[in-house]
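Inspection log for the structure reproduced underneath, given as structure tokens.
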4 protein chains.
Amino acid sequence: MSGSIYGKHFSIATWGESHGKGIGVVVDGCPAGLSLCEEDIQKFLDRRKPGQSKFTTQRSESDSVQILSGVFEGKTTGTPISMIVFNETQRSQDYSEIANYYRPGHADLTYDLKYGFRDYRGGGRSSGRETIGRVAAGAIAIKILNQLGIDLFAYTKSIGPVSCNEQNFNREEISNNKLYMPDAEAAQKASDYLAKCMEDRNSSGGIVECIVKHMPAGVGEPAFEKLSANLAKAIFSIGAVKGFEIGDGFDVAKATGLTNNDNYGFVDGNIEKLTNHSGGILGGISDGSDIILRAAFKPTPSIANTQQTVNKQGETININIKGRHDPIIVPRAVVVVEAMTALCILDMLFESMTSKMEDIEKFFQ
Amino acid sequence: MSGSIYGKHFSIATWGESHGKGIGVVVDGCPAGLSLCEEDIQKFLDRRKPGQSKFTTQRSESDSVQILSGVFEGKTTGTPISMIVFNETQRSQDYSEIANYYRPGHADLTYDLKYGFRDYRGGGRSSGRETIGRVAAGAIAIKILNQLGIDLFAYTKSIGPVSCNEQNFNREEISNNKLYMPDAEAAQKASDYLAKCMEDRNSSGGIVECIVKHMPAGVGEPAFEKLSANLAKAIFSIGAVKGFEIGDGFDVAKATGLTNNDNYGFVDGNIEKLTNHSGGILGGISDGSDIILRAAFKPTPSIANTQQTVNKQGETININIKGRHDPIIVPRAVVVVEAMTALCILDMLFESMTSKMEDIEKFFQ
Amino acid sequence: MSGSIYGKHFSIATWGESHGKGIGVVVDGCPAGLSLCEEDIQKFLDRRKPGQSKFTTQRSESDSVQILSGVFEGKTTGTPISMIVFNETQRSQDYSEIANYYRPGHADLTYDLKYGFRDYRGGGRSSGRETIGRVAAGAIAIKILNQLGIDLFAYTKSIGPVSCNEQNFNREEISNNKLYMPDAEAAQKASDYLAKCMEDRNSSGGIVECIVKHMPAGVGEPAFEKLSANLAKAIFSIGAVKGFEIGDGFDVAKATGLTNNDNYGFVDGNIEKLTNHSGGILGGISDGSDIILRAAFKPTPSIANTQQTVNKQGETININIKGRHDPIIVPRAVVVVEAMTALCILDMLFESMTSKMEDIEKFFQ
Amino acid sequence: MSGSIYGKHFSIATWGESHGKGIGVVVDGCPAGLSLCEEDIQKFLDRRKPGQSKFTTQRSESDSVQILSGVFEGKTTGTPISMIVFNETQRSQDYSEIANYYRPGHADLTYDLKYGFRDYRGGGRSSGRETIGRVAAGAIAIKILNQLGIDLFAYTKSIGPVSCNEQNFNREEISNNKLYMPDAEAAQKASDYLAKCMEDRNSSGGIVECIVKHMPAGVGEPAFEKLSANLAKAIFSIGAVKGFEIGDGFDVAKATGLTNNDNYGFVDGNIEKLTNHSGGILGGISDGSDIILRAAFKPTPSIANTQQTVNKQGETININIKGRHDPIIVPRAVVVVEAMTALCILDMLFESMTSKMEDIEKFFQ
């Protein structure tokens with residue numbers, strides 16, 4: 001595989017380039033009997049499509065999904081579900097210039113070094129549009145998880161220097177503002193900060209947090225297939241992610257055992273952790289409390305400000321990247337983090353079904 | 001798989017529990033013709049074995065490795081290499097007490113929830129001794145990487161509040177102090193801090209950093225099999241890791257495009273990044289500069305201080321964990337981080353061999 | 001995965017049902033820099049499409065392929081190649097009757113037992129149309145193999161009681177007759193036999209043979225990933241295959257060591273087997289001589305003759321399957337056997353690239 | 001992987017050479033809570049060990065298995081089960097001669113071509129002793145299958161020209177004769193035939209048949225992961241197998257639809273096939289009737305008769321292979337076929353657990 005297939009049980013194969021004919025995904029391993037229609041997918045795609053706010057690219061795409069297979073009479077059949085979004089704006093002429101040099105912070109040079117050449121139109125396969133396939137497949141995974149009682153949502157935790165205040169956390173607020181922040185006040189400040197970035201022909205990084213509620217305990221495999229390890233890979237596979245943490249994350253490095261360990265007690269007769277420093281995972285296995293994870297996204301590399309690079313003629317040149325680019329990746333990445341988290345959790349959930357002889361004997365009775 | 005197999009090309013299967021008969025690993029996919037003897041492995045195992053300093057468990061183990069297969073007349077044959085370390089100290093009687101309750105911060109509860117019961121002797125499979133198999137296999141991976149000109153090393157970046165100072169970085173110093181810090185001054189301060197932790201019957205977290213030098217460009221696959229994503233999984237599969245980052249890591253969240261992008265220029269006629277905020281990976285593919293990664297380790301959960309937990313009789317109890325445990329995981333984890341980094345890099349290196357038709361045609365000429 | 005993904009290095013994900021919107025495949029892992037256009041694919045699809053002779057279904061499909069991604073300026077980019085064939089004839093009304101009962105010899109019952117219901121239109125996913133994705137992907141694999149000097153072709157070895165005579169073997173003849181037999185005389189006899197089958201409202205089985213010439217030695221992995229084992233799986237994954245053999249195949253059961261062993265000698269200074277009972281594979285590894293494999297295909301299960309089955313009302317009924325179905329699967333399966341052989345061989349070829357340290361060191365020099 | 005890892009859910013990694021320190025296997029993915037002791041494994045190993053009859057090698061090995069991990073207080077813990085059999089007879093001096101030439105019918109040449117050199121002692125990894133790991137792991141798989149109500153057994157179907165007569169089939173007889181034939185009369189004839197082979201310093205091929213009773217319907221995945229395809233690979237991964245078939249196998253090539261289709265009817269109110277030409281698999285999915293498969297084994301390549309080969313000095317030579325070798329592989333392969341069938345069936349059984357939403361919702365309730 002060249003890397004566009006994900007998942008052992010609920011497997012997806014994504015394809016497509018920014019300025020090719022379209023973007024799509026094949027989902028192989030979706031259980032039969034799930035109600036599914038295009039609207040189930042579309043509502044997630046709409047959250048990542050361009051043009052939702054002043055902080056997004058001007059590219060005009062409806063990102064309308066079509067289901068081509070695997071669904072019959074409104075239900076999944078157990079066979080592969082192929083979904084496609086045709087690209088509507090493919091103005092490759094815009095990209096003649098960048099074909100000739102390497103944009104700093106982009107994958108231009110690494111693609112050339114790896115493959116000998118590249119589809120330079122809008123970043124080709126390394127474009128953010130690649131995530132359409134992830135979100136479409138993730139929408140199905142989320143639907144299944146919801147049906148199993150698992151609730152999962154992500155949001156913007158911080159943008160540049162502006163962080164949400166935990167005291168102000170309001171889940172409803174997330175979809176109220178264009179930045180997907182659960183804290184209206186922070187959203188306003190972040191909005192101002194981004195406006196300033198745009199004025200400066202610059203861009204900003206930020207952090208996405210994702211929470212999984214009502215997660216069954218016992219999911220995740222020891223050693224190499226820890227739930228945490230698979231989440232790390234899933235999230236780190238999103239372009240622009242440079243850091244990942246679970247629970248207290250990097251703060252544990254300065255903590256002590258006494259402050260970091262979660263003590264146990266009884267809550268309503270059930271054994272429960274009294275705190276959740278672990279972020280819902282102990283020894284790589286879900287412990288039944290909320291899973292909490294965070295990803296750090298780098299600033300959009302395409303900026304209009306002057307940067308130095310080299311071209312194919314062997315010259316050092318100064319460039320100013322044209323076109324209006326998102327000054328931040330984070331808000332549109334929120335739904336991608338949800339998708340990848342769901343794809344990972346669902347896959348590990350399926351994996352966990354053979355942990356115990358008792359469960360297997362009951363299943364095949 | 002239940003999670004003890006790692007790697008697509010250079011695959012390893014680890015096995016063994018803290019207080020079982022031994023710990024081992026089978027390496028499947030090691031190329032034929034590599035010179036290999038037990039000493040090549042032992043020198044890495046010696047770096048993680050107990051008893052190297054006052055900051056380690058009192059358990060007495062020589063951790064002597066035996067190669068049981070796959071090597072003939074001093075060279076690997078291309079068939080599986082089975083390696084074993086017999087456990088010498090298996091005093092299971094010490095563990096009768098902890099069988100009955102759940103130690104905070106450990107995997108006791110999650111194993112019980114997942115499997116219905118657990119091997120409670122010394123943590124069973126969730127013990128740090130599980131890493132012996134990783135280090136033994138990693139030693140072979142490192143030997144291969146070195147032979148290909150790739151240099152790789154890890155060290156302790158911080159312990160609790162004490163961080164190494166970049167100005168004081170001295171690679172030779174790493175093996176000079178018991179904490180594997182490249183900064184002698186920081187090592188002294190950290191040593192004092194750990195002594196205090198032990199006095200307080202407490203433990204400390206810390207950060208390990210790993211650097212890969214002379215990494216070929218073009219390694220890593222787009223989308224889900226990014227080099228960064230696979231490194232994230234490899235490192236996060238080590239018990240106690242709660243955070244992972246590459247290059248500037250979480251700092252990118254506060255950075256701007258202008259400060260975070262690495263500009264290009266020519267150095268000795270070659271295209272090179274003038275800075276390395278990316279940590280050697282762009283678009284998930286190695287860019288030819290040093291790979292830099294960091295992992296945050298939580299404090300050792302076994303502490304002598306009083307903690308609250310529950311037992312199998314359904315009582316809330318206070319416990320003080322007995323025995324002398326490492327007050328910090330980090331120094332002994334340094335070689336484990338090296339091993340996992342090497343296993344990941346080697347696997348992705350092999351994966352990258354089919355990127356270009358040109359290379360393949362040359363190979364099969 | 002639910003089974004529609006094949007290949008570890010050159011991976012394909014197929015999708016689509018007989019009467020859905022289309023059939024397609026995503027190829028993940030195709031090396032960059034291969035010249036590729038739709039005509040390269042179409043010529044293979046044309047060999048399996050309906051309507052080539054009187055022995056095929058009346059369904060009218062042009063089976064025109066479109067490449068949607070992964071090719072830029074006439075060359076593969078190394079990223080996923082998505083190909084699609086839209087279904088043109090989707091007269092689902094024809095299938096209302098078979099929705100209600102289980103056709104003998106078909107997968108109707110097993111799909112219902114596995115998934116709870118099925119897409120009954122033309123067999124849904126279990127239709128022979130599913131092989132379109134295999135052939136499209138196989139066309140690329142064959143192009144790569146050819147470029148590496150490997151030559152591969154299949155043909156009809158026997159139809160019912162009519163077998164090709166080895167003395168009459170003529171490679172050019174294969175594409176001269178509608179039955180893809182390398183023996184014109186046998187083709188004529190088989191044609192008569194099939195005409196009789198149709199008259200009898202019956203169908204026939206047959207055997208396909210495939211030969212791989214100029215196969216490099218050393219391909220195939222010991223133990224579970226033998227080249228022979230992977231070929232067995234690849235070919236047995238084609239619907240209707242009930243037997244598979246390599247070299248002398250089932251005849252070895254009656255042979256002795258003395259007659260079955262291939263002695264060695266020197267031919268033009270090279271070590272060569274003097275016979276090829278092994279069919280080009282020894283110990284699961286290619287030995288440099290021609291690979292010879294055979295697959296037995298069962299008769300088309302859809303026959304107009306009277307058969308007994310049961311319906312969903314719990315009644316035993318007699319049925320006569322309507323419509324004109326191919327009286328034999330074999331001729332249209334020839335190109336599918338080629339495709340699966342090529343997909344398998346290419347994947348194992350890539351796998352073999354890391355067998356020797358010497359080769360790896362040379363590669364990364 | 002280099003090929004010594006098998007299975008997606010119940011995964012095994014085998015290792016070891018004929019004349020190395022030992023042979024072993026790591027089972028990763030065995031569910032927790034299965035009662036398991038060494039005797040469960042040993043009884044299967046005893047069926048393949050040498051010295052059971054006059055038709056086996058003189059090598060003296062007790063093949064005593066030790067369980068090193070994964071079992072605690074008599075039950076599997078869900079973590080890897082490592083098993084080892086130490087080699088007792090390692091007289092490598094016997095093999096100095098064969099190091100220098102290529103034995104016809106063996107993997108000597110292909111190993112040298114693939115790896116550059118080989119462990120020539122007794123065939124190294126390509127020895128039949130490699131199957132010890134398969135049988136040990138298979139014993140666990142069989143125990144699980146039995147616990148789920150699935151019954152599975154193999155036997156010798158034919159030896160050279162001597163076939164069992166179906167009318168004489170007697171399951172108890174299988175373990176009554178040294179050739180594992182279910183027909184005492186055929187066993188006697190086969191015994192005479194083998195005695196003659198030995199006298200002639202020659203060897204014989206034969207066929208093993210395996211039957212799986214009480215197989216649940218719905219197991220096997222469409223397209224590439226058909227149950228039949230996976231069985232084909234599993235069985236073809238056994239050294240010396242040159243042919244594989246399911247149900248009527250190669251006979252289908254001469255059959256017609258009318259004779260080959262299995263009609264449906266009701267038996268005790270259940271839908272059942274009235275015949276079993278399909279061998280229990282339709283469309284790659286188990287149909288609930290007995291699975292019937294057959295494998296053709298080639299004659300033992302090591303024969304004392306004169307054969308021509310070449311040596312490393314570039315000479316054509318005549319050889320007579322020394323030592324007493326099994327004149328037939330089949331009887332000792334019977335338990336290996338059982339093991340591989342069980343490993344495959346169990347893995348596919350686990351895979352099938354996520355076919356239906358309904359089952360998954362029930363599981364996670």
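Proteins get letters first, then strands, A, B, ... in listed order; numbering begins at 1 in each. Both backbone and side-chain heavy atoms feed into the values below; hydrogens, waters and symmetry mates do not. Keep in mind the model is a prediction, meaning the values are calculated, not measured.
Annotation: salt bridge (Lys or Arg N to Asp or Glu O under 4.0 Å) contacts involving residues 131-145 of chain B, sequence neighbours excluded, comprise B:Asp40-B:Lys143, B:Glu130-B:Arg134.
With a threshold of 4.5 angstrom between heavy atoms, B:Tyr115 approaches chain D through its backbone and through its side chain.
At a heavy-atom cut-off of under 4.5 Å, chain B is reached by D:Ala32, D:Gly33, D:Glu38 from residues 32-39 of chain D, listed in order of number. Annotation: residues 62-84 of chain B contacts chain D through B:Ile67, B:Leu68, B:Ser69, B:Gly70, B:Phe72, B:Glu73, B:Lys75, B:Thr76, B:Thr77, B:Gly78, B:Thr79, B:Pro80, B:Ser82, B:Ile84 [non-hydrogen atoms, separation under 4.5 Å].
Counting all heavy atoms, side chain and backbone alike, D:Val26 lies closest to B:Val26 at CG2-CG2, 3.8 Å.
By the 6.0 Å contact criterion, NZ on D:Lys362 is open, its count of non-hydrogen atoms from other residues, nucleotides or ligands being 12 or less.
Qualifying ring pair (Phe, Tyr, Trp, His ring centres under 6.0 Å) partners for D:Phe350, counting only residues two or more places apart in sequence or in other chains: none.
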